[in-house]
Amino acid sequence: MTILDQIIERKKEEVAAAKLRISLDRLKNTAFFGRPTYSLKESIKNKSGIIAEFKRKSPSKGIINNSVQPLEVVSAYKNSGASGVSILTDHDFFGGDLNDILSVRNDINIPILRKDFMIDEYQFYEAKSIGADVVLLIASCLSPAQVQEFTELAHQLKLEVLLEIHTEDELKHFNSKIDLVGINNRNLKDFKVDLQHSVQLKNQLPKEVLSVAESGIYSIEDFQFLKEKGFDGFLMGEYFMKNTDPAKAFEEFASQI
């Protein structure tokens, strides 16, 4: 099994346990469920385009940074001009938690992407209940029909959708209702990074689609290369989180773009 296969198998177990623990009716009655959401699409158009990520660890890198708290980091991201923040909620493989979003929602007024492996309708209600504005759909985990079904559900809940693709075959997962398309520079199966591959995929998308370069952006030169190639957004996590002070790292990076 690949790491991705292992993650999905574990995610099925987690979702099943969550359904037993908290019903849909309880999710719908939480404080954040009825709040108006922020648009990541509009924020990308009007700000830096950077979706700055809070991430403690990853399967490929191990522990990245487990000594900082979500609020101190994402507040600084917001203050330095991030278009949005991405917060990992997968626990076993990325060290995340639903509380990482809950703990910051009242304090930041920019879009929050719940970054997780969405495989079940329940998770969309869960995302809404914790204050997320955007959900990630990973094409390699879903069929095109599931992407369409989940996109429609997300929109019913007033959530935007970021569809992540990595291969040419996954372009068929795109449909006209998708809000943003993320192209992962890193292959989820072997974790190799290839920026040029991402550019080639981007050029096969409709020109009006907002595109987001995801992962593997390790320098200002990488950022500038991708921006020159027409990417609208840039999801960056490890570049900032590997520093003892991710907030300062983001501030310094933002001052150069």
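It should be emphasised that the depicted structure is a prediction, and the values quoted were computed from it without experimental measurement.
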*Roughly how far, to the nearest 0.5 Å, is the CG atom of Leu235 from the CD atom of Glu53?*
5.0 Å

*If you round to the nearest 0.5 Å, how far is CD of Glu121 from CD of Gln123?*
10.5 Å

Do other residues, nucleotides or ligands put more than 12 heavy atoms under 6.0 Å from the [atom1] atom of [X]?
X	atom1	value
Glu168	CD	no
Lys229	NZ	no
Lys242	NZ	yes

*Identify which one of Val181, Asp179, Leu136 satisfies the side chain to side chain contact (heavy atoms under 4.5 Å, CB included) criterion when paired with Leu162.*
Leu136

_Here's a test for you: under side chain to side chain contact (heavy atoms under 4.5 Å, CB included), which of Ile101, Ile51, Ile130 qualifies with Ile112?_
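Of the listed options, the one satisfying the test is Ile101.
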
_Worked check of salt bridge (charged side-chain N to carboxylate O under 4.0 Å, His left out) between Lys45 and Glu42_ = CA-CA 5 Å; Lys45 291 175 185 175; Glu42 294 305 312; 3.4 Å; yes

[X] and [Y]: side-chain donor and acceptor closer than 3.5 Å?
X	Y	result
Glu238	Ser58	no
Asn243	Asp245	no
Ser215	Asn185	no

Would you mind reporting whether [Y] and [X] have side-chain heavy atoms less than 4.5 Å apart?
X	Y	value
Ile50	Ile257	yes
Leu137	Glu164	no
Ser140	His166	no

*asked:* Working note: Asp133 + Arg35, criterion salt bridge (charged side-chain N to carboxylate O under 4.0 Å, His left out); need CA distance, chi angles, decisive distance, verdict.
replied: CA-CA 10 Å; Asp133 304 284; Arg35 62 172 281 275; 3.0 Å; yes

_Looking only at the aromatic ring of each residue, does the gap between the centers of Phe253 and Phe223 stay below 6.0 angstrom?_
yes

*Take Tyr239 and Tyr218 through the ring-ring contact (aromatic ring centres under 6.0 Å, His included) test and state the conclusion after the steps.*
CA-CA 6 Å; Tyr239 182 86; Tyr218 295 131; 8.0 Å; no

*Using the salt bridge (charged side-chain N to carboxylate O under 4.0 Å, His left out) rule, take Lys11 and Asp116 through it: C-alpha gap first, then chi angles, then the decisive distance, then the call.*
CA-CA 9 Å; Lys11 192 60 56 180; Asp116 209 318; 2.8 Å; yes

*Under the salt bridge (charged side-chain N to carboxylate O under 4.0 Å, His left out) criterion, do Asp90 and Arg114 qualify, and how do the steps go?*
CA-CA 10 Å; Asp90 175 84; Arg114 179 194 180 179; over 6 Å; no

*Test item: Ser129 side-chain N/O and Glu126 main-chain N/O as donor-acceptor pair under 3.5 Å*: yes

